[in-house]
There are 2 protein chains.
Amino acid sequence: MSDTTAPARGAATLHDVARAAGVSLATASRVLNGSTRKVAESYRERVEAAAEQLGYTANLSAQATARGTSAIVALLVADIADPYFGQLASGVARGADEAGLVVTIAITERDPQREVKLVRALRGQRPRGLILAASRVEGPDAVGLQGELDAFSNMGGRVVVVGPGGGSARSVAVDNRGGSAALGAELADLGYRDAIVVAASEGIRTSDDRLAGFTEGFTAAGGVIREVRRAGFTRDAGYAAASDLLTGDVPAGTLIFGISDVVAIGIMSAVRDAGRQVGADIAVAGFDDIATGRDIRPGLTTVRVPLEDLGYQALHAATDPEWTPGEPQLPLEVIVRGSTPPRG
Amino acid sequence: MSDTTAPARGAATLHDVARAAGVSLATASRVLNGSTRKVAESYRERVEAAAEQLGYTANLSAQATARGTSAIVALLVADIADPYFGQLASGVARGADEAGLVVTIAITERDPQREVKLVRALRGQRPRGLILAASRVEGPDAVGLQGELDAFSNMGGRVVVVGPGGGSARSVAVDNRGGSAALGAELADLGYRDAIVVAASEGIRTSDDRLAGFTEGFTAAGGVIREVRRAGFTRDAGYAAASDLLTGDVPAGTLIFGISDVVAIGIMSAVRDAGRQVGADIAVAGFDDIATGRDIRPGLTTVRVPLEDLGYQALHAATDPEWTPGEPQLPLEVIVRGSTPPRG
DNA sequence: CCACGTGGTTCGCGCTCAAGC
DNA sequence: GGCTTGAGCGCGAACCACGTG
C-alpha cells in the first residue's frame with residue numbers, strides 16, 4: 001500500500017507514472033512521448049490514465065538533454081512593443097504552435113553589442129532555430145555576431161535572418177527595392193514631383209534598398225529626391241527628423257517618405273505639430289502597412305507587407321529541414337490612402 | 001597529442017572544457033557556473049581560457065535538470081501584435097533580462113481552451129514563473145485553468161496574474177475602477193452628459209471594473225449612461241459595436257467610452273466611416289494610453305497606465321521570493337486629448 | 001591528531017534509446 | 001512481438017582524498 005496517488009511536492013515524473021501504471025519507464029515513455037514502437041492497448045490505457053490522474057507533463061529540459069535536441073525556437077527582435085515586430089512575432093508564434101515548438105524571445109534594443117550577448121545566452125538553450133528579426137548581419141558591427149552565429153550553426157542550430165541575409169544563414173526576405181520602386185512610381189503618377197526621404201543610416205540594407213527602390217521608381221516617373229535625411233527606425237527618430245526638416249523651407253506639395261510606417265507616423269505627428277497639414281500640404285508615405293496606418297487620419301499610404309506571414313515563413317525556414325530560399329516570395333502591394341491625395 | 005582544440009560537431013560540453021584545461025569536471029563547473037567554493041587563480045584562468053576558446057556555453061537544459069530549476073519565465077498573452085500586450089511584454093522582457101532569465105511566450109488568441117492547453121505545455125518547461133496577462137481566472141471558463149495553475153504551483157512555480165487576481169496566484173493589478181471613475185468625473189466636468197459604453201462580456205473583471213468605475217464617476221458628476229454595449233477587447237470588436245450603434249440615433253455630443261484604447265480606436269474609425277466626426281460630434285475615450293493614441297487625430301482621451309512598468313512588476317512578482325502584493329500601486333493618470341473637446 | 005582548504009570522484013536529475021529477454 | 005533492463009545525455013552537488021598548519 002504505497003502512496004501511489006500522492007499529488008506530490010514537485011512535479012510528477014515519468015517514473016511516478018510508470019509506477020502508478022505498473023509498467024516500466026520505457027513503456028511509459030513510449031506511450032506518452034512519441035516513439036515508432038507500439039505498445040499494447042491495455043498498457044497504453046493504463047499509462048494514459050495514470051498520467052492524466054497525476055497531471056503528468058514531460059519535463060522538457062530532461063527530454064532535451066536526453067534527446068540532444070530541444071523544442072525551442074529563439075526569436076530576437078529590436079523592440080517587441082513596436083508593431084512591426086509584434087506582427088512578425090505573431091506569425092512566428094503561430095507557426096511554432098503548429099509545430100509543437102516553444103518560442104523564447106529576446107530584445108536587442110537595437111544595440112549590436114547586446115545582440116551578441118543575447119545570441120550567446122540563447123545558445124545555452126540549444127534552440128533548434130534562431131530567428132534574427134532586427135540585425136545587420138553585415139558591416140563592422142556584425143563582426144562579433146558572425147562568430148556567435150557560426151558557433152550556433154556548428155552546434156546544429158539553424159539561423160534565419162529576416163531581411164537581407166548574409167553568409168550561411170537562411171533568410172526570409174521582402175522585396176524592399178521592388179516594393180518601394182512601385183510606391184515611388186505610383187506617387188509620381190499621382191502628381192508628386194518633390195520628395196524627401198527619411199531613412200536610417202547608410203549601410204543598413206533594409207533602409208538602403210527601400211531608398212534605392214523609391215529613388216528609382218520616383219525619378220523614373222519624373223520626380224526628384226530633394227533630400228535624404230538619416231534617422232532611424234523608430235517613431236521618435238521620424239518625428240525628430242521631420243521636425244528639424246520643417247524648421248527649414250518645405251514647400252506645400254512636398255512628399256516625405258518614411259523608411260517604415262513607424263517612422264512615417266512620427267513624421268505625420270511632427271508635420272502637424274509644426275502647424276502644417278498632412279495630405280494636400282505635406283504628403284507622407286511609409287512602408288510595411290502596420291495596423292495603425294489604417295486607423296489614423298488621414299490614412300497612411302504605404303506598401304503592404306504581410307508581416308505575419310513573414311514571421312510564419314521565418315519559423316519554417318528555421319525548422320523545416322528541406323526549405324528552399326525565397327520559396328513563396330511574399331506579395332507586396334502599394335496602398336494609397338489619404339496621406340497622399342492626388343495632386344492636380 | 002589529442003585533438004583538444006577541435007571546434008567539434010555539436011556544442012562544446014563542460015567535459016570538453018575540463019579536458020582542454022586539464023582539470024576535472026567539478027573544477028570547470030565551479031569556475032564557469034557559480035559555486036560557493038573557491039578555485040585557485042591558476043586553474044581558474046586555464047578554465048576560462050579553454051571555455052573562451054571553445055566557445056563554450058552551458059547547456060541550460062542540462063543545468064535545469066541537474067539543478068531541478070530552470071531560468072525560464074513563461075508569459076501568456078492574448079495577442080502579441082496588440083500594442084497593449086506588446087508594451088507589457090516589453091517590461092517583462094526587460095526585467096527578465098536584468099535577472100538573467102529567459103522568457104518564453106505563448107499566445108492564447110483569447111481562447112480559454114487554448115489557454116489551458118498552453119499552460120499545460122509550458123508547464124513542461126518547468127518555468128520558475130508563469131505570467132498570465134490575459135485570462136479570466138474566475139468564472140466558468142476558468143475551471144480547467146485553475147487545475148493547471150494549481151498543478152503548476154504544486155510544482156514549485158509561481159503564478160502571476162496581471163489584473164484582478166484570483167485564488168492563490170499573486171497578482172499585479174491596476175486600479176481600473178478608480179482610474180475610470182476619475183475619467184468619468186473629468187469628462188462630466190468637461191460638459192458631457194450622455195455616454196455609451198462599449199465593454200466586454202459581463203464577468204470579465206477588467207471590463208466590469210472599468211464599467212463600474214466609469215459609471216460611478218460619470219453619474220456622480222451628473223452624467224447618464226445611456227447604454228452599455230457588449231463587444232470584446234479588440235479593435236474590430238469596437239468597430240463593429242460602434243458601427244451598429246450608429247445605425248441608430250446617436251445625438252451629437254454623445255460620448256462613447258471604449259473599455260480599452262484598442263477598442264476606442266476601432267470606435268473612432270467606425271464613427272468616421274459612419275460619416276460622423278470624432279470630437280465635437282461624437283466624443284470617444286479609452287483606457288490604457290497605448291502609444292498609438294498619441295499619434296492619431298484627434299488624440300485619444302484616456303487613462304494612462306504604465307504598461308511597461310506593469311510588465312516589469314509582473315516579472316518581479318514571478319521571481320522575487322519576498323514580494324508583497326500591491327507593492328507600488330501603479331499611478332494612473334487621466335489624459336484628455338482632442339477626442340473629447342470641452343463641451344459648452 | 002585534527003581542522004581546514006582545495007581538487008577529484010561519483011551519483012543522480014528525468015528522460016531516451018539500443019540492446020536484451 | 002512486446003516489454004524490460006541498462007547505459008548515457010550534460011550537468012550539479014554531495015562526498016571523498018589529499019595536502020597543509
Side-chain angles (χ1 to χ4, degrees), chain A residues 8-47 50-51 54-72 123-128 155-157, chain B residues 8-47 50-51 54-72 123-128 155-157:
Chain A
R9 264 276 156 239
T13 78
L14 187 59
H15 190 95
D16 297 335
V17 175
R19 195 158 42 99
V23 301
S24 76
L25 262 133
T27 303
S29 171
R30 284 203 263 274
V31 7
L32 295 176
N33 318 313
S35 160
T36 43
R37 300 202 25 189
K38 289 183 191 171
V39 16
E41 197 53 35
S42 63
Y43 279 86
R44 149 161 274 117
E45 279 167 11
R46 271 161 56 195
V47 172
L54 290 173
Y56 172 77
T57 298
N59 182 326
L60 295 185
S61 292
Q63 243 176 350
T65 70
R67 284 211 251 250
T69 166
S70 75
I72 298 179
R123 199 142 69 76
Q125 299 211 57
R126 305 287 184 269
R128 203 168 294 182
M155 254 172 44
Chain B
R9 265 278 154 238
T13 78
L14 188 58
H15 191 95
D16 297 335
V17 175
R19 195 159 41 99
V23 300
S24 75
L25 263 142
T27 304
S29 172
R30 289 202 261 263
V31 6
L32 295 176
N33 317 313
S35 156
T36 43
R37 294 193 36 179
K38 286 183 192 173
V39 13
E41 196 53 34
S42 62
Y43 280 111
R44 151 161 271 119
E45 279 167 11
R46 270 162 56 195
V47 172
L54 291 173
Y56 171 77
T57 300
N59 182 326
L60 295 185
S61 292
Q63 253 181 352
T65 68
R67 281 209 251 254
T69 165
S70 76
I72 297 178
R123 198 143 70 79
Q125 300 211 58
R126 305 289 184 270
R128 205 167 293 180
M155 252 172 46

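Sequence lines set the chain letters: A, B, ... in the order given, protein chains first and strands last, and positions in each chain run from 1. Any value given below was found using the heavy atoms of this structure, including those in side chains, with hydrogens, waters and symmetry copies removed.
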Next item on the list: Whole angstrom is fine here: how far is it from CG in Leu14(B) over to C1' in dT9(C)?
Entry: 14 Å
Margin query: Whether the side chain of Arg126(A) engages the backbone of Ala11(B) through a donor-acceptor N/O pair (distance < 3.5 Å, no angle test) should be reported.
Written below: no
Next item on the list: Return no unless some side-chain N or O of Gln63(A) is found under 4.0 Å from OP1 or OP2 of dT16(C).
Entry: yes
Detail all sub-3.5 Å separations between protein N/O atoms and N/O atoms belonging to nucleotides 5-7 of chain D.
none

Notebook entry, point to check: Given axes from five pairs at either end, by how many degrees does the helix from dC2(C)-dG21(D) to dC21(C)-dG2(D) bend, rounded to 10°?
Noted result: 50°
Checklist line | Ala28(B) or Ala62(B), whichever maps to the more 5' nucleotide of DNA chain C | finding: Ala28(B)
Note to self: Taking donor-acceptor contacts at under 3.5 Å, does the side chain of Thr65(A) reach the base of dG14(C)?
What the structure shows: yes
Check: Got a sec, which residues hit salt bridge (Lys or Arg N to Asp or Glu O under 4.0 Å) with Arg128(A), two or more places apart in sequence or on another chain?
Finding: none
Next item on the list: Give the B/S/- string for nucleotides 16-21 of chain D, one per nucleotide from 5' to 3', where a protein heavy atom under 4.0 Å of the base yields B, of only the sugar-phosphate yields S, and otherwise -.
Entry: ------
Next item on the list: Return no unless some side-chain N or O of Tyr43(A) is found under 4.0 Å from OP1 or OP2 of dG1(D).
Entry: no
Next item on the list: Under the salt bridge (Lys or Arg N to Asp or Glu O under 4.0 Å) rule, collect the residues that match up with Arg44(A), sequence neighbours excluded.
Entry: Glu48(A)
Item checked: Any Asn33(A) side-chain N or O less than 4.0 Å from OP1/OP2 of dT16(C) -> yes
Notebook entry, point to check: Atom CZ of Arg123(B) to atom P of dG14(C): distance rounded to whole Å?
Noted result: 15 Å
Next item on the list: Only counting residues at least two apart or in another chain, list the ones meeting side-chain hydrogen bond (donor to acceptor under 3.5 Å, both in side chains) with Thr13(B).
Entry: none
